[in-house]
Q: 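Below is the structure I would like to discuss, written out as structure tokens.
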Amino acid sequence: MLKSKTFVKKTRSGGIMKIVREHYLRDDIWCGSEVCTECKQEESVLQKDACIESNLCSFPHYLLPDTNVVLSQIDILEDPLIKNVIILQTVLQEVRHRSAPIYKRLKDILHDKEKHVYTFTNEHHRETYIEREQGESANDRNDRAIRISTKWYSDHLNNKGLKVVLLTNDRGNKEKAEEAGLLTYRSDVNNEITSSKVLFSEHLPLSRIQSGIKSGTFQQGTFRASRDNYLEATVFVHGEGDDSTEVLIQGLQNLNRAVHQDLVAVEILPLNQWVAPSSVVLQDEGPKEDDVTEEEEAELKSGPSGVASRKPTGRVVGIIKRNWRPFCGMLFLSQIKEATRHLFTPADRRIPRIRIETRQAATLAGQRIMVAIDGWPKHSRYPNGHFVRSLGSAGDKETETEVLLLEHDVPHQDFSQAVLSFLPKMPWNITEEDMAVREDLRNLTVCSVDPPGCTDIDDALHCRDLPNGNQEVGVHIADVSHFIRPGNAMDLEAANRGTTVYLTGRRIDMVPELLSSNLCSLRSSVERLAFSCIWEINDKAEIVQTRFTKSVINSKASLTYAEAQMRIDDANMNDDTTKSLRGLNRLAKILKKRRIEKGALTLSSPEVRFHIDSETHDPIDLQTKELKETNSMVEEFMLLANISVAQKIYDEFSECALLRKHPAPPPSNYDILNKAAKSKDLVIHTDSAKALADSLDAAQVDGFPYFNTLLRILATRCMMQAVYFCSGMDSDFHHYGLASPIYTHFTSPIRRYSDIIVHRLLAVAIGADSTYPDLMDKHKQSALCNNLNYRHKMAQYAQRASVAFHTQLFFKSRGILNEEGFILFVRKNAIIVLIPKFGLEGTVFFENKDKPSPKLIFNEEVPSLTVEGHSFNMFDKVKVTISLDASNVQHQKIRMSLVEPVISGVSVAPSEPEAKRAKLDR
């Protein structure tokens with residue numbers, strides 16, 4: 001049968017061309033089904049026993065998806081479980097036109113014989129071809145063609161015990177199909193089949209949650225998603241005092257749409273359903289519209305199987321308070337042409353992908369953008385959100401810095417005019433009124449010792465001989481609280497910021513620069529207001545008496561640690577400043593020795609210093625920081641001042657003193673340290689800080705001088721976080737790391753708001769200033785401490801992220817380097833290597849999907865990893881190649897591969913998916 005169309009077309013030259021299009025129709029095109037006896041087919045594709053496990057269709061059936069279902073749910077069609085699918089010629093042509101990548105994936109499915117997917121050329125079948133009607137859009141004509149073909153198949157196979165199910169995500173198409181008597185199921189706007197079971201259970205209403213918490217059925221806590229495994233999280237349930245419980249949540253359904261930092265209600269599962277934390281790194285690598293795959297579920301359950309390793313396990317039953325904020329990241333563009341719905345991938349791996357609608361996708365490709373979550377329906381794999389704003393090109397230094405500041409919630413906007421209005425008018429001078437209420441210490445030989453380039457100088461010191469043979473030592477701290485008065489705009493801004501944030505090549509001040517780098521900075525040769533802590537100390541470095549006073553000083557020298565060290569070491573220098581430094585250094589050594597004898601810990605953490613190009617501001621060199629005696633000298637007197645002030649303010653204000661404590665780690669934290677020591681036939685005692693300190697001092701291995709440093713780095717990882725607290729709200733004041741019964745922060749008020757509060761408390765204690773209600777309110781002090789702890793933690797994370805970014809820039813310019821390192825941790829299929837030269841850690845994986853996996857034997861007890869007969873142990877020396885892996889623009893990383901020892905047949909530079917799914921023993 002021949003159909004033809006004739007029309008005329010005007011050519012460029014002005015002529016008229018007659019065009020005839022012929023369309024041949026046949027009645028001998030096969031249906032492709034095994035059950036059919038009418039079609040004279042040489043072979044069949046669709047099976048007779050066509051049963052897919054389904055809650056909707058328990059009978060044998062074939063699936064016939066329309067174009068939009070194929071475009072939006074190609075992942076489902078690729079699943080091995082989905083078989084016996086009819087792809088119409090109409091659908092195939094539309095997919096080819098709208099998305100070349102999905103068309104290629106669809107062709108691969110069609111070529112897979114085990115899938116039993118059949119292409120029916122409905123556009124050339126006499127009974128299924130249709131003409132486009134007048135006024136009918138091309139899309140409506142194609143939808144009608146799909147319905148006609150579905151109707152033909154349904155009638156054709158009606159007496160064969162098989163049904164044909166039309167899948168569409170168009171409500172109008174579904175309604176018309178049902179009017180025609182067709183069996184149809186619809187996908188919703190979120191591309192989930194709404195007729196099937198929903199992905200998540202309903203969140204309970206707040207009233208049910210509250211009554212459940214009251215009865216003990218539910219627990220409430222903060223939801224903390226795992227960085228390593230997107231199907232795992234922990235809920236921290238806070239109890240009385242320091243008593244808290246960690247509840248493990250595993251699996252998509254149990255996570256139940258909670259997002260990192262949400263306040264959630266959890267139900268503890270029965271004991272027989274408790275599980276151990278997963279031993280894999282599992283990251284959401286791409287859009288998924290279906291449930292968790294079997295592979296993911298299997299990996300999720302591959303953690304330690306022993307009963308002892310299981311943890312309290314639960315499921316999220318409701319959300320008490322969402323903690324959503326705008327998230328930074330990049331757009332994962334849809335493969336469908338002209339699509340407006342895309343997936344956004346957050347920079348923070350703990351945040352799920354977010355589905356957004358935007359027509360700016362082409363413009364936003366390659367940009368860092370911000371997206372906010374609007375909601376998370378129970379039938380959607382991902383939350384829905386909207387585009388907020390663009391931040392700039394990915395990889396650009398300014399853009400990436402902005403991202404890390406936003407992601408770590410670091411307030412970095414310019415100070416408002418309201419804040420700046422409280423700055424002193426310039427030129428500023430110390431007045432007679434100031435001098436009348438302060439001690440004049442301008443005659444003392446005061447000096448400061450700081451890192452090179454430091455402009456916000458908080459502290460200065462002096463040491464001089466007294467007539468009675470003792471020595472006077474003074475720690476002089478910038479009197480920031482003189483300039484920042486309680487409750488004004490500048491005070492509120494400083495309280496919110498909490499701390500100055502130091503990034504590589506940039507500083508985000510807590511207070512305006514006029515104060516931080518000028519009026520409060522204890523620079524040399526200028527008069528400055530200070531708060532002084534002055535001791536009389538005997539030759540044994542014992543404190544005879546302590547006094548505190550507001551003062552005026554005039555620093556005689558602003559030195560770097562290296563400059564101060566050279567003065568101390570140069571026998572030819574005997575000026576007053578050098579003598580003062582030598583006196584301080586001598587006493588500091590005694591103080592440190594005594595502190596360590598009491599059980600203070602001397603731990604280690606590799607810190608790096610970048611040398612920045614003055615023009616491009618790119619890192620041109622990277623090295624670990626070298627600590628000198630003068631670093632320790634300054635540290636000892638800062639510690640002594642903080643302890644002295646802590647005791648004073650607690651004695652005066654036992655209910656509202658702002659203090660700092662360091663909790664002792666639970667014994668389980670030391671497991672990895674004990675295993676590491678045991679591997680070298682050493683024993684580490686962790687009963688107390690003193691026992692730990694003594695064990696670390698004694699831990700030496702002949703011919704391996706760096707061993708002790710490695711052990712101390714490991715011990716640092718075992719520690720808890722130090723926190724601020726209000727004395728009236730807690731009973732445990734002890735600082736574990738310093739082995740001090742009481743401690744606070746007094747010595748850095750330019751960069752820490754906690755110190756400003758401590759200054760105010762001390763000033764009231766000595767009668768140098770008046771109090772105010774909030775200062776004496778322990779509940780408000782406690783709330784302030786919570787913010788300070790949060791800001792301090794975020795500042796640390798931001799600093800690490802900045803170091804990581806500049807490390808990437810450094811290796812990007814340097815290319816591939818070979819360096820020696822030491823194995824810090826051993827995993828199930830990888831080793832973590834520390835490069836002392838750069839203070840850098842990286843992972844060497846022993847997996848590659850493209851090549852046969854090497855034989856790996858992991859011993860959890862030692863721990864050790866045997867690869868093709870070669871054993872890798874903690875602290876072993878290795879040589880690695882270091883390079884920048886920029887295959888993922890958003891998550892660039894330092895990649896390491898093994899050079900020595902050489903292991904034949906082992907691939908050590910895995911592709912990105914292997915790195916993402918590294919099986920770790922956590």
Q: Indicate the atoms forming the closest heavy-atom contact of Val403 with Cys328, along with that distance.
A: CG1-CB, 3.9 Å
Q: Are the side chains of Asn256 and Arg315 in contact, using a 4.5 Å heavy-atom criterion?
A: no
Q: Taking the cut-offs as 6.0 angstrom to the six-membered ring centre and 45 degrees off its axis, would you call Arg827 and Phe825 a cation-pi pair?
A: yes
Q: Look at atom CD1 of Ile816 and say whether more than 12 heavy atoms of other residues, nucleotides or ligands are closer to it than 6.0 Å.
A: no
Q: More than 12 heavy atoms of other residues, nucleotides or ligands under 6.0 Å from NZ of Lys690: yes or no?
A: yes
Q: Mind checking whether His735 and His662 have parallel, tilted or perpendicular rings, split at 30° and 60°?
A: tilted
Q: What pair of heavy atoms forms the shortest contact from Ser871 to Asp876, and how long is it?
A: O-OD2, 3.9 Å
Q: With side chain to side chain donor-acceptor pair (under 3.5 Å) as the test, pick out the partner of Gln796 among Arg791, His408, Gln721.
A: Gln721
Q: Kindly give the heavy-atom pair with the smallest separation between Asn254 and Gly314, and that separation in Å.
A: CB-O, 4.1 Å
Q: About how many Å separate CD1 of Ile369 and CG of Leu391, when rounded to the nearest 0.5 Å?
A: 8.5 Å
Q: Take Leu404 and Tyr797 through the test side chain to side chain contact (heavy atoms under 4.5 Å, CB included) and record every step on the way to the result.
A: CA-CA 9 Å; Leu404 76 86; Tyr797 291 161; over 6 Å; no
Q: Check the pair Phe704 / Phe822 against ring-ring contact (aromatic ring centres under 6.0 Å, His included), numbers first and verdict last.
A: CA-CA 11 Å; Phe704 192 177; Phe822 296 95; 5.5 Å; yes
Q: Can you check whether His870 and Phe872 have ring centres sitting under 6.0 Å from each other?
A: yes
Q: Compute both the distance and the angle, then confirm whether Arg349 meets the cation-pi test with Tyr230: under 6.0 Å from the six-membered ring centre, within 45 degrees of the axis.
A: no
Q: Would you find a donor on one side and an acceptor on the other, under 3.5 Å apart, between the side chain of Ser688 and the backbone of Ala691?
A: yes
Q: How long is the straight-line distance from CD1 of Ile832 back to CG of Leu824, given to the nearest 0.5 Å?
A: 8.5 Å
Q: Which one of Glu820, Glu900, Glu819 satisfies the salt bridge (charged side-chain N to carboxylate O under 4.0 Å, His left out) criterion with Lys877?
A: Glu820
Q: Is a side-chain donor-acceptor pair under 3.5 Å present for Arg895 with Ser883?
A: no
Q: How many angstroms lie between CD in Gln700 and NZ in Lys680, if you round to the nearest 0.5 Å?
A: 13.5 Å
Q: Are the aromatic ring centres of Phe858 and Phe846 under 6.0 angstrom apart?
A: no
Q: Looking at residues at least two apart in the chain, or sitting in another chain, which of them share a side-chain contact (heavy atoms from CB on, under 4.5 Å) with Lys628?
A: Ala562, Gln565, Glu626, Thr630, Asn631
Q: Could you please spell out the steps behind the salt bridge (charged side-chain N to carboxylate O under 4.0 Å, His left out) verdict for Arg105 and Glu78?
A: CA-CA 8 Å; Arg105 291 167 69 180; Glu78 289 173 329; 2.7 Å; yes
Q: Determine, step by step, whether Arg325 and Glu407 satisfy the salt bridge (charged side-chain N to carboxylate O under 4.0 Å, His left out) criterion, reporting the C-alpha distance in whole Å, the side-chain angles of both residues, the deciding distance to 0.1 Å, and the verdict.
A: CA-CA 10 Å; Arg325 59 176 174 82; Glu407 279 301 289; 3.2 Å; yes
Q: Within the 4.5 Å heavy-atom criterion, are Leu834 and Tyr706 side-chain neighbours or not?
A: yes
Q: Show your working on side chain to side chain contact (heavy atoms under 4.5 Å, CB included) between Asn818 and Val880 and close with a plain yes or no.
A: CA-CA 6 Å; Asn818 287 350; Val880 297; over 6 Å; no
Q: Check whether any side-chain heavy atom of Val259 sits under 4.5 Å from a side-chain heavy atom of Pro352, and report yes or no.
A: yes
Q: I'd like to know if the side chain of Asp262 reaches the main chain of Val264, judged simply by a donor and an acceptor atom lying under 3.5 Å from each other, with no hydrogens or angles considered.
A: no
Q: Within a strict 4.5 Å, meaning less than it, do heavy atoms of the Val701 and Leu682 side chains meet?
A: yes
Q: Apply side chain to side chain contact (heavy atoms under 4.5 Å, CB included) to residues His685 and Leu692 and explain how you reach the verdict.
A: CA-CA 5 Å; His685 298 285; Leu692 176 60; over 6 Å; no
Q: Give me the atom names and distance for the closest heavy-atom approach of Ala715 to Leu696.
A: CB-CD1, 4.2 Å
Q: Can you check whether Val723 reaches Lys661 side chain to side chain, under 4.5 Å on heavy atoms?
A: yes
Q: Heavy atoms only: give me the nearest Ser802-Leu503 pair and the separation to one decimal.
A: OG-CB, 3.6 Å
Q: Take Arg712 and Asp697 through the salt bridge (charged side-chain N to carboxylate O under 4.0 Å, His left out) test and state the conclusion after the steps.
A: CA-CA 10 Å; Arg712 291 180 190 274; Asp697 288 341; 2.7 Å; yes
Q: Could you walk me through whether Arg800 and Glu841 pass the salt bridge (charged side-chain N to carboxylate O under 4.0 Å, His left out) check?
A: CA-CA 12 Å; Arg800 291 173 196 166; Glu841 284 179 39; over 6 Å; no
Q: Does Thr313 use its side chain to pair, donor to acceptor, with the backbone of Lys311 at less than 3.5 Å?
A: yes
Q: Please report the interatomic distance OG1(Thr345) to CE(Met330), rounded to the nearest 0.5 Å.
A: 9.0 Å
Q: May I ask you to test the Ile354-Tyr382 pair for a side-chain heavy-atom distance under 4.5 Å?
A: no
Q: Heavy-atom distance under 4.5 Å between the side chains of Pro312 and Glu246, does that happen here?
A: no
Q: Using a 3.5 Å distance criterion without hydrogens, assess whether the side chain of Glu400 forms a donor-acceptor pair with backbone atoms of Gly395.
A: yes
Q: One pair to check against side chain to side chain donor-acceptor pair (under 3.5 Å): Ser864 and Asn859. What are the steps and the verdict?
A: CA-CA 5 Å; Ser864 69; Asn859 185 332; 4.6 Å; no
Q: Side chain of Asp885, backbone of Ile894: donor and acceptor closer than 3.5 Å?
A: no
Q: What is the distance from atom CD1 of Ile684 to atom NZ of Lys675, rounded to the nearest 0.5 Å?
A: 15.0 Å
Q: Closest heavy-atom contact between Leu673 and Leu711?
A: CD1-O, 3.6 Å
Q: Centre-to-centre under 6.0 Å for Phe332 and Phe344, is that the case here?
A: no
Q: Just so I know, are the side chains of Phe838 and Leu817 near enough to count as touching, which here means a heavy-atom distance under 4.5 Å?
A: yes
Q: Does Glu402 come within less than 4.0 Å of Arg368, counting only side-chain N to carboxylate O?
A: no
Q: Is the count of non-hydrogen atoms from other residues, nucleotides or ligands lying under 6.0 Å from Asn272 atom CG greater than 12?
A: yes
Q: Does the pair Ile823 and Val878 meet the rule for a side chain to side chain contact (heavy atoms under 4.5 Å, CB included), with working shown?
A: CA-CA 7 Å; Ile823 298 175; Val878 293; 4.0 Å; yes
Q: Out of curiosity, Arg717 CZ to Ile713 CD1, how far, rounded to the nearest 0.5 Å?
A: 7.0 Å
